[in-house]
There are 2 protein chains.
Amino acid sequence: MDPRFLRTFVTVARLGSFSAAARELGYTQSAVSQHIGVLEADLGAPLLTRRPVEPTEAGARLLEHAEPILLRLDAARADVAKVAGGPPRSLRIGTTPLACGHAASLVAPALTVTVRVADRVTIAREVATGVLDVGFVDGVAAVNDPLRLPELGLTVAEVWEEPLAVAVPADHPLIARTVPGIARPSSFSRSTDESRRSRPAVRLEDLVDARWIDAPVVCAPLDELAAIARADGFRPALHYDGADVSGLLALVAAGHGLALLPRRVVTHGLALAEPALTHRTELLRLGG
Amino acid sequence: MDPRFLRTFVTVARLGSFSAAARELGYTQSAVSQHIGVLEADLGAPLLTRRPVEPTEAGARLLEHAEPILLRLDAARADVAKVAGGPPRSLRIGTTPLACGHAASLVAPALTVTVRVADRVTIAREVATGVLDVGFVDGVAAVNDPLRLPELGLTVAEVWEEPLAVAVPADHPLIARTVPGIARPSSFSRSTDESRRSRPAVRLEDLVDARWIDAPVVCAPLDELAAIARADGFRPALHYDGADVSGLLALVAAGHGLALLPRRVVTHGLALAEPALTHRTELLRLGG
DNA sequence: CCTTCTTACGGAGTCCGTAAAAATA
DNA sequence: TATTTTTACGGACTCCGTAAGAAGG
C-alpha cells in the first residue's frame with residue numbers, strides 16, 4: 001500500500017473521476033487506473049465502482065483510514081523538518097475565532113508574525129503539517145478534558161478554561177420562564193454573587209429541545225455538544241458557517257436560536273448548571 | 001517515505017543494530033543500510049547515530065509518528081479484508097482481565113470461540129489489525145468519556161460503566177482515620193443507603209500521597225489515573241505486572257499499597273467521593 | 001582483526017507515459 | 001458516437017542482493 005497510491009485513491013474517490021484525479025495529481029489517466037488496479041489487487045477487493053465512480057463498501061472502509069494515514073505522514077515529515085531546520089525566521093500562528101484573545105498572549109519576538117483564522121480541524125492539520133508553527137483552538141469540553149481533535153502527534157503546550165453561558169435573545173421565553181428578569185445586557189458582568197446565587201442556572205439537557213444555532217467554526221459543533229452533554233437531539237434551527245462571533249450573536253439576538261459560548265462574549269445569556277463543562281482553549285505545537 | 005522503509009527504521013531503532021534488523025526483516029544488511037540512507041536523504045536529516053545505533057533527535061520525532069502510521073496501515077488492510085471476506089467461521093475475542101465478565105455477555109453463536117486475555121493496548125491493536133474480531137477493554141474514565149486508546153479507526157459498539165472503589169488492606173490506617181469501622185468484607189455488598197450516606201467517601205486527591213500499586217494490565221495505569229483525577233504524584237510503591245485480579249488484591253491485603261478497581265471486585269474498600277469517575281468497559285469492533 | 005556499516009554494481013521488478021482497445025451512456 | 005476506463009508495451013527508475021570497501025572497537 002504505497003502512500004502515493006492511497007493518495008490517488010482518495011483523490012479519485014473525492015472527485016468521482018479517474019481523469020479528474022489524474023489532472024489534479026499530475027498523472028496520466030492510465031497511471032491513475034493502474035494505481036487503483038494495484039491497490040485493488042493488493043487488497044483483494046474492488047474499491048471503486050466505475051461509471052459512476054464511487055467507493056464500494058471496502059473502498060469506504062479504506063477511505064476512512066487513508067486520510068488519517070496520509071495526514072500523519074505529512075505530519076511526520078514536517079516534524080522532522082522542524083528539528084532539522086534551524087531557528088525559525090517567522091512565526092505563523094493559527095487560531096479559531098474565539099481563541100484569538102489567547103493568541104494575543106503570545107509575546108511576539110523579533111519575528112515576522114502572521115495570523116491565520118480557521119476552524120479547529122484545519123488549524124490542527126496545518127500545525128501538524130508544519131504550515132503553521134503554533135495553533136490556538138477552542139471548544140467545549142468537560143473540565144480538564146482535552147479537546148477532541150484528530151490524533152496527529154500534536155502536543156498541548158498550554159490550556160485555558162473559562163465558564164460557559166447560553167446566549168439567548170433578550171426576550172427569549174426561556175429567560176422569562178426559568179430566570180425572570182435577568183435578560184439585561186449586563187446580566188453577567190454586573191451581577192453580584194448574591195444575584196447570581198438567587199438565579200437558578202440552566203441545565204443543558206433542559207435546552208435540548210430548544211432551537212439551536214449550529215456554528216461549528218465559532219464554537220463546538222452541535223453533534224459534538226450532544227456527545228459531551230450526553231443528550232441527543234440538539235437539532236440545529238440554523239446553520240451558521242461564518243467565523244465571526246458578533247454575527248452569531250446577532251442571529252441569536254434576532255431569535256433564530258441559542259448558542260453555547262464562553263461567558264465573556266455573551267451579553268444576554270443564561271448561566272450553566274453544569275460546572276463540569278467549560279470553554280477550553282488549547283495551544284497546539286508540533287512534536288513532543 | 002515508503003512504509004517498508006519506515007518499518008525497517010523502527011526495527012533498527014528498536015534493536016539498535018542494522019544487521020539484527022536485517023535478520024529480523026529478512027533483508028540483507030546492505031538493504032537495511034540503503035533503506036535508512038534513502039529515508040535520511042528524503043527527510044534531509046540524519047535519523048540514527050552509528051555505533052552505537054541510536055535515534056537522533058530527528059529520528060526520535062520520526063519514530064513517534066512511524067509506529068502509529070504502520071499500525072494504521074495494518075488496520076486499514078484488516079478492515080478491508082473484513083468486509084471483503086464472507087461471514088466469519090470463528091470468533092476470536094480479546095479481553096482485559098476485568099472486562100472478561102462482560103465478554104461472557106456475548107452470546108456465542110455456532111462458531112468456534114477463542115478468548116485471549118491481554119492488556120488494553122494490545123487488545124486494541126489486535127482488533128485493529130484483524131487478529132481479533134472483537135475486544136473488551138476496561139479502564140477508569142470520567143462518566144461518559146471514552147477510554148483513551150490509540151486512534152486506529154475502531155468503533156465502540158457497546159459500553160458498560162460501574163462504580164469504583166479503592167481497595168485497601170483490612171487494617172489500613174486510612175480506614176480508621178476517614179471511615180472508621182467500614183473495613184468489613186461485605187462493606188459494599190451489604191451496606192444500606194443509610195449507612196452509605198453516613199460514611200464519608202474518600203476523595204482521590206486525598207490519597208495521592210498514599211502508597212499505590214501500579215497494575216497497568218489489570219486496571220488504569222497510575223500515570224493515566226493522575227491525568228484523569230487531575231492530581232500529580234501517584235507514585236507507585238510497587239509495580240504489578242500480572243493480569244490476575246486476585247493476586248493484586250492479595251498484595252493490597254498484605255499492605256503493599258492501594259488500588260483503584262471496580263467496586264464489584266473489591267472486598268475491603270473505600271467508596272469514592274468522585275461520582276464523575278467510573279470503571280468503564282468498552283466493546284471494540286473494527287470499522288464503522 | 002573482527003564486527004558493523006557503507007558503497008559499487010547489476011539483475012529483476014516497478015512505475016508511468018504513449019497508444020490502442022474496450023466499455024458504458 | 002463520445003467519453004471514460006482498461007490493457008499492451010517499453011523506457012526509466014527503484015529495490016535489493018552480491019561483493020568489495022571503510023570505519024570503529
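All values below were derived from every heavy atom in this structure, side-chain atoms included, with hydrogens, water molecules and symmetry-related copies excluded. Residue numbers start from 1 in every chain, and the chains themselves are labelled A, B, ... in the order their sequence lines are given, proteins ahead of strands.
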Enumerate all atom pairs, one protein N or O and one N or O from nucleotides 15-19 of chain D, separated by less than 3.5 Å.
residue : atom : partner : partner atom : Å
dC16(D) : OP1  : R4(B)   : NH1          : 3.2
dC16(D) : OP2  : H35(B)  : NE2          : 2.4
dC16(D) : N4   : Q34(B)  : OE1          : 3.3
dG17(D) : OP2  : T28(B)  : N            : 3.1
dG17(D) : OP2  : T28(B)  : OG1          : 2.8
dG17(D) : O6   : Q34(B)  : NE2          : 3.3
dT18(D) : O4   : S30(B)  : OG           : 3.0

Starting at CG of L25(A) and ending at C1' of dC16(C), how long is that distance when rounded to a whole Å? 13 Å
Sort by first number and list every stem of DNA chain D: at least 3 consecutive Watson-Crick or G-U wobble pairs, both distances under 3.5 Å. C:1-25 with D:1-25
Worked check of side chain to side chain contact (heavy atoms under 4.5 Å, CB included) between L63(B) and V10(B): CA-CA 6 Å; L63(B) 259 186; V10(B) 308; 3.8 Å; yes
Listing, residues 220-228 of chain B side-chain donor-acceptor contacts under 3.5 Å, not counting sequence neighbours, or none:
residue : atom : partner : partner atom : Å
E224(B) : OE2  : R120(B) : NH1          : 3.2
E224(B) : OE2  : R120(B) : NH2          : 3.4

Ordered by number, residues from residues 39-47 of chain B within less than 4.0 Å of DNA chain D (heavy atoms) are none
Applying side-chain contact (heavy atoms from CB on, under 4.5 Å) to A243(A) and not counting sequence neighbours gives P97(A), V217(A)
Sequence-distant partners of Y27(A), ring pair (Phe, Tyr, Trp, His ring centres under 6.0 Å), two or more places apart: H35(A)
Considering every strand and a 4.0 Å limit on heavy-atom distances, what is the contact class for S33(A): base, sugar-phosphate, or nothing? base
Could I get the full list of ring pair (Phe, Tyr, Trp, His ring centres under 6.0 Å) partners for H102(B), not counting sequence neighbours? W160(B)
Lys/Arg-Asp/Glu bridge criterion (N-O < 4.0 Å) met for R14(B), E67(B): no
Sequence neighbours left out, what passes side-chain contact (heavy atoms from CB on, under 4.5 Å) with A157(B)? Give chain and number order. L283(B), R285(B)
Would you please name every residue forming a side-chain contact (heavy atoms from CB on, under 4.5 Å) with H65(A), sequence neighbours left out? I69(A), R72(B), A75(B), A76(B), D79(B)
Using a cutoff of under 3.5 Å, can you pull out all pairs of nitrogen or oxygen atoms linking the protein to nucleotides 22-25 of chain D, with atom names and distances?
residue : atom : partner : partner atom : Å
dA23(D) : N3   : R51(B)  : NH2          : 3.0

Assess whether a salt bridge exists between R92(B) and E126(B), defined as any Lys/Arg side-chain N lying under 4.0 Å from an Asp/Glu carboxylate O. no
Tell me which pairs pass salt bridge (charged side-chain N to carboxylate O under 4.0 Å, His left out) where either residue lies in residues 3-13 of chain A, with sequence neighbours left out. D2(A)-R4(A), R7(A)-D74(A)
Just to verify, what does A81(B) make a side-chain contact (heavy atoms from CB on, under 4.5 Å) with, not counting sequence neighbours? none
